[in-house]
Amino acid sequence: MKLQNILGISAGYHDAAATVINNRGDILFAGHSERYSKQKNDENFCRGLVDEVAEYGPETVAYYERPWVKQTRQWYAGQGIDWDKLTTKQILRKQLGGQIEPERVLSFNHHLSHAAAGFQTSPYTRATVVVIDAIGEWDTISIWGAEYDLKGAAKYTRLWRQRYPHSIGLFYSAITGRIGLRPLDEEYITMGMAAWGQPDYTNEISRLMTDNLHIGIDPGFLYDAKDADIAASAQVVVEHEIYKVMRRARDFGWSRNLVYMGGVALNCLANRNLGDYFENIWIMPCPGDAGSSLGAAALAYGRRIKWNNAYLGHDIGGEYPVDTIIDHLLRDKIVGVASGRAEFGPRALGNRSLLADPRGTDIKDQVNAIKRRQQFRPFAPVILEEHVDEYFDMPRGWSDSRYMQIVGVCRDPDLYPAIVHVDGTSRIQTVPPDGSGIRSLLEKWYALTGCPMLLNTSLNIRGEPMVNDRADADRFEQLYGVRVCS
Ligand SMILES: [Fe+2]
């Protein structure tokens, strides 16, 4: 049978991404436009990404939302109508520049694309799917019952929805804007800042939840408050709202398996309590809109997707350079790695990472000197999965955290200050025996040092997205004088 490749696209608004799957459910490619164009959260496709996906000769293109329906909401919201983005074909013509001419073009509901990216990559045959984001066409929260029928076709029943303007994601983005950070980009910094503040303003901030926050928050709101206190209060409010949704989702009684998607699913502080509502939890490593490129492709395909890992982007090739990395770690304590395929999703998981020995008190400052980022932000540990309980208290319902979806509490924070936040938590990546390069590296590091973990932060030049190809890695080496192994 002829292979019919499907190209899923999320583009035109923020963080454009592409996924290619074949008609056996294998993911052939998944990557972000920003890594090629070097524009953080690039909303449009760029030449490098289109060239990469064109090689797969996709016959079908699936778009992650319904442009016309979205335009009705934008019109309703007073944003006017964008006449260049009224139809999927218009958008694809702009994004693909005529370089890819598919036989078939499909488009799917925004929240359904999120749901499919989660459910069809999850290990479950039946699950409750919760999607929480800023906004799709009209929906801002949705709850789905998902299952496969006897023929293996994925079926979705929408159990509940919340519509614009009430939105947890817009709320959190507006708070991010209020404290001087970039909305729809730096929400993770707001989350990191929360641990430094006191939640003294939860009453004032929870009242905002009923406002339409699409245009942001009045800059005079809580004028005298410290940013960290606003962040801490917003975290309390956002968690309260998320758990209300989780309770509602659980009470439908559809399944004890939770698939959780949408940009809000990246809030790893809130995620630590999901085990109070569900027995098993799957959060795809790219739960935001970029992941919906995979979701749209999954809907066009209609069945379970074969999910192995998140290394799905540009391929630098070569063997994972375990021995060279170890040599540099032992000598310099810090080393970069750019090897194999780039990660799909916002986290570096070992293929585009800056790694360091997590032991000792001076390593955080050394890594910070390279990353030049806010001193209050912690770095994350990557650890052999079978050792995670010796070093961290994992939250209920989580025996692993393979894509850094949650925080745990470090048992010996004094020994590993570089990877522990001021509130005692760490955003953990656990690595199972999966044959990955980072797994071999950790095994060898453990055998040599008795320490089963490393500090892991994304390999990027300041202000730029993660390193993608070897040329980016070379630039990194020259700028910072840190070896990047391939
Ligand atoms: Fe979304």
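Counting from 1, the numbers follow the sequence of the chain as shown. Everything quoted here is computed from the prediction, not taken from an experiment. Just follow the structure's listing: the first ligand is 1, and inside any ligand the first atom is 1.
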Query raised in the report: When you look at NZ of Lys94, are more than 12 heavy atoms from neighbouring residues, nucleotides or ligands closer to it than 6.0 Å?
Result: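 No, NZ of Lys94 has 12 or fewer neighbouring heavy atoms, counting only those of other groups under 6.0 Å.
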
**Report entry** Flag for Gln235-Tyr172: side-chain donor and acceptor within less than 3.5 Å
**Finding:**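 A donor-acceptor contact under 3.5 Å links the two side chains.
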
**Report entry** Identified side-chain contact (heavy atoms from CB on, under 4.5 Å) counterpart of Tyr13 within the set Lys70, His110, Glu43
**Finding:**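 Answer after filtering Lys70, His110, Glu43: Lys70.
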
Report task. Classify the angle between the aromatic ring planes of Phe29 and Tyr36 as parallel (below 30°), tilted (30 to 60°) or perpendicular (above 60°). Result ->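 Geometry flag for Tyr36 against Phe29: tilted rings.
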
Query - Qualifying salt bridge (Lys or Arg N to Asp or Glu O under 4.0 Å) pairs, either residue in residues 422-432, two or more places apart - result: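 Checked against salt bridge (Lys or Arg N to Asp or Glu O under 4.0 Å) - neighbours excluded - no pair reaches residues 422-432.
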
Query raised in the report: For the side chain of Glu343 and the backbone of Asn351, is there at least one donor-acceptor N/O pair under 3.5 Å apart?
Result: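 A pair under 3.5 Å: yes.
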
Report task. Taking the Fe ion (ligand 1) as the centre, count the protein N/O/S atoms lying under 2.8 Å from it. Result ->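 N, O or S atoms of the protein closer than 2.8 Å: 4.
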
